[in-house]
Student: 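I have a structure here, written as structure tokens, and I will follow up with some questions on it.
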Amino acid sequence: MLLALLVLMLLAAALAAPIALRAARSRRDRRSRRDRRARRRAERRELRDPGRERRAEQRARELLRSCVNDEEWSMYRDLGFIRVAGHLHAEGPGGLSASRRRFRSRGGGGAAGQGAGGLTGQGAGGLSPSAGGLARSGARGAPDRDRECAYAYLIYPHKPIVAYVPRTGRLLSEYCVEFPDLVDAISDTRLPDSDDVLAKWMALTADERRLISDANMHLPGRQIDPARVRRDLWRLREWERLRRGPDAPVAPR
Amino acid sequence: MKPGHGEVLLAEGDPRLSEDAETLIAEFRRQLDEGMWAAVPTTRPGSGRREALLVKAYNDIPEGADRVIFFPRAAGG
């Protein structure tokens with residue numbers, strides 16, 4: 001009798017074992033699925049946390065402030081963009097670009113009646129990379145010096161870099177550039193606004209040629225409304241006028 | 001600079017101390033291996049204007065630099 005009971009128990013255990021195993025496995029799967037869902041929910045919560053973005057932007061602003069020139073920081077704080085002078089044209093002997101050097105060596109420079117002013121065709125004097133890469137050589141005040149570069153860029157957060165001629169206000173091109181997260185490429189995150197501006201500023205001031213060659217170049221108006229850029233340029237001129245003093249002449253529209 | 005996070009402190013130390021220098025070099029290499037660009041904010045001696053210097057090797061970091069900023073490599077947008 002006892003033996004029969006033992007055999008029955010063994011039989012029942014053998015039959016129940018796969019069922020119990022399957023149940024345990026499904027319970028474990030359910031738990032891991034629940035954990036995964038909870039983790040994803042937490043990640044989503046973290047990504048949507050507006051406080052986190054605000055804190056990141058605040059830190060980014062402090063970092064930007066500590067890196068750029070005081071004037072550039074004030075410009076960004078007041079106007080929302082930074083102007084950086086371009087100096088690719090100032091390379092080479094006499095501050096001439098390669099194409100202009102070729103043009104000059106063929107004897108065309110004098111006939112054109114232009115100096116080494118690069119894109120603007122300003123008078124002789126050339127551009128002086130030694131003076132911060134901004135100014136044409138000559139005795140001028142600092143605010144004018146910044147405006148007198150042959151061409152400059154406007155850096156907007158998460159928008160293309162706009163190249164323009166400060167003297168005439170003519171828009172040259174848009175350079176679409178971004179700083180994608182290569183490590184966590186699946187996530188749809190991007191740099192805080194001020195970090196994006198700082199990254200563009202660092203790349204432009206350190207290696208303008210490389211950034212420009214990495215960027216996708218388009219005609220003005222592809223992503224940023226030219227009217228908006230012209231309005232910003234007018235705001236910039238007014239902003240500079242106010243910095244020079246209230247009696248300075250009003251910038252023409 | 002990390003997308004979605006902003007500024008993150010990766011490592012700090014005195015590069016004159018060998019132990020700190022090792023940590024800094026290891027972190028520098030790790031960041032560059034991950035495809036980041038490294039820049040050092042500098043001041044141009046003549047004009048006093050601030051600008052950045054892109055560095056590709058730890059030895060390229062100017063002496064006395066107080067920080068190196070890593071940011072994602074630029075790509076056409």
Side-chain angles (χ1 to χ4, degrees), chain A residues 46-47 52-53 55-63 66-73 84 130-135 142 145 158-160 175-184 187-192 194-196 198-207 210-211 213-217 223, chain B residues 1-15 23-77:
Chain A
E46 203 189 339
L47 286 176
R52 198 190 73 159
E53 282 175 16
R55 286 190 299 276
E57 176 57 24
Q58 200 56 43
R59 283 197 303 272
R61 283 177 79 85
E62 285 305 313
L63 185 64
S66 69
C67 292
V68 300
N69 296 287
D70 291 342
E71 189 206 24
E72 290 167 332
W73 163 250
V84 173
S130 60
L134 291 170
R145 192 184 62 190
H158 296 296
K159 288 220 161 45
Y175 294 97
C176 303
V177 63
E178 58 184 25
F179 299 90
D181 189 4
L182 299 175
V183 180
D184 202 4
S187 71
D188 192 23
T189 53
R190 60 182 196 172
L191 290 173
S194 301
D195 271 352
D196 185 69
L198 178 58
K200 286 171 182 161
W201 180 87
M202 289 195 295
L204 261 184
T205 57
D207 196 345
R210 186 175 181 183
L211 182 73
S213 63
D214 282 345
N216 286 330
M217 192 189 83
Q223 283 193 49
Chain B
M1 298 186 307
K2 186 173 164 59
H5 291 82
E7 186 188 342
V8 178
L9 179 68
L10 297 167
E12 61 182 336
D14 185 347
T23 313
L24 296 173
I25 290 169
E27 190 56 43
F28 185 91
R29 284 192 184 142
R30 195 173 70 84
Q31 290 300 317
L32 259 57
D33 286 347
E34 285 181 0
M36 305 290 268
W37 276 353
V40 180
T42 58
T43 303
R44 197 182 275 250
S47 62
R49 281 195 72 81
R50 291 181 188 164
E51 56 188 19
L53 174 73
L54 286 182
V55 287
K56 290 171 186 159
Y58 184 81
N59 290 336
D60 294 345
I61 299 171
E63 207 171 309
D66 60 347
R67 61 191 159 168
V68 178
I69 299 172
F70 297 96
F71 60 104
R73 191 181 290 259

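Numbered from 1 within each chain, the chains take letters A, B, ... in sequence-line order.
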Student: Does the pair A:E62/A:R59 count as a salt bridge with the N-to-O cut at 4.0 Å?
Tutor: no
Student: Counting heavy atoms not belonging to B:R29, are there more than 12 under 6.0 Å from its CZ?
Tutor: no
Student: Need one label for A:Q223: side chain, backbone, both or neither, based on atoms under 4.5 Å from any heavy atom in chain B.
Tutor: neither
Student: Please flag which part of A:A199 lies under 4.5 Å from any non-hydrogen atom of chain B: side chain, backbone, both or neither.
Tutor: both
Student: Just so I know, are the side chains of B:I69 and B:M1 near enough to count as touching, which here means a heavy-atom distance under 4.5 Å?
Tutor: yes
Student: Hey, is A:R52 close enough to A:E57 for a salt bridge, meaning N to O under 4.0 Å?
Tutor: no
Student: Does any backbone or side-chain atom of A:S66 lie under 4.5 Å from a heavy atom of chain B? Answer side chain, backbone, both or neither.
Tutor: both
Student: Given the options B:A74, B:G48, B:P41, which has more heavy-atom pairs under 4.5 Å with chain A than any of the others?
Tutor: B:A74
Student: Contact part of A:V177 toward chain B, heavy-atom cut-off under 4.5 Å: side chain, backbone, both or neither?
Tutor: both
Student: Which bit of B:L53 comes within less than 4.5 Å of chain A, counting heavy atoms only: side chain, backbone, both or neither?
Tutor: backbone
Student: Could you check which of A:D207, A:D196, A:V68 has the highest count of heavy-atom pairs closer than 4.5 Å to chain B?
Tutor: A:V68
Student: Would you mind reporting whether B:Q31 and B:L10 have side-chain heavy atoms less than 4.5 Å apart?
Tutor: yes
Student: Quick one: list whatever passes side chain to side chain contact (heavy atoms under 4.5 Å, CB included) with B:A38, sequence neighbours left out.
Tutor: B:F28, B:L32, B:V55, B:V68, B:F70
Student: Quick check on the interface: out of A:A60, A:P160, A:A203, A:C176, who has the most heavy-atom pairs with chain B under 4.5 Å?
Tutor: A:C176
Student: What residues form a salt bridge (Lys or Arg N to Asp or Glu O under 4.0 Å) with A:D70, not counting sequence neighbours?
Tutor: none
Student: In terms of heavy-atom pairs under 4.5 Å, which option from A:N69, A:L211, A:N216 contacts chain B the most?
Tutor: A:N69
